[in-house]
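Input: a single structure, listed below in structure tokens.
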Amino acid sequence: MSRKRVAVLISGRGSNMAALIDAANAADYPAAIALVVSNVPNAGGLATAAKAGIATATIDHTTYGKDRAAFERALQDVLVQNRIDLVCLAGFMRLLTPWFVGQWPNRMLNIHPALLPSFKGLDTHRRALEAGVKLHGATVHFVVPEMDSGPIIAQGAVPVRDDDTEAALAARVLAVEHRLYPLALRLVAEGRVTVDGSRCRIGGSPDPDTVLLVPAGHP
Ligand code: GRF
């Protein structure tokens, strides 16, 4: 089976990108990280990717001023030039227009640090603590024009502890993200994910691991 060529789009430290690169180093992984693109020139993840021998590109949105369309055309050009099959957003802090999203129907994934549809947007861990939820986590979903929406591919849940700080909760969720994103990308790259309206159905195995439940005390 030929491996899917994946571009990871980042804006910052790129720890989820690093988790995808690690996973794709396994010989039996169905995807290869062919390109990392950042919209922020000094994003920490660019150096991590380069060290891992991955091609990188920077498309600095600030050089396009308010012209979001021109920024996205440049982004699309680099993806096409690199013969990309699948796009993974990993801490990519730009809202994407319906035009760009429309170039990647069910071929662009995002990871969000909450159990969607709860806590869309930013500051998810602070808001989860404020809301008093007992379960929190992360979601990988296909990207649709509406932010932090789209069919859910996989989710991972962690407990919220009574003495949690925002930082402690964020670290627990991030550890789950690093397991969840490679798992979700594997399912998509293997062609096992079918989108049926707002739901993803996973074929090929009677009991696919699309749910990670991380019990108290771990990690
Ligand atoms: C992660 O928490 C991800 O869920 C969110 O942005 C953060 C990016 O972190 N979308 P990193 O750059 O992958 O370390």
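In listed order, ligands and their atoms are each counted from 1.
- Taking the charged nitrogens against the carboxylate oxygens, R68 and E72 have no contact shorter than 4.0 Å, which rules out a salt bridge.
- Distance check, rounded to the nearest 0.5 Å: CD1 of I59 to CG of L9 gives 8.0 Å.
- W104 pairs in a side-chain contact (heavy atoms from CB on, under 4.5 Å) with only one of the listed residues (I84, L96, L86), which is I84.
- Relative ring orientation between F119 and H136 is described as perpendicular, the plane-to-plane angle rising above 60° on a 0-90° scale split at 30° and 60°.
- We find that D123 and R126 are joined by a salt bridge, their nearest charged nitrogen and carboxylate oxygen being less than 4.0 Å apart.
- Within 4.0 Å of ligand 1, heavy atoms belong to protein residues R13, G14, S15, N16, G91, I111, H112, P113, E177.
- Around CE of M93, the count of heavy atoms belonging to other residues, nucleotides or ligands within 6.0 Å does not exceed 12.
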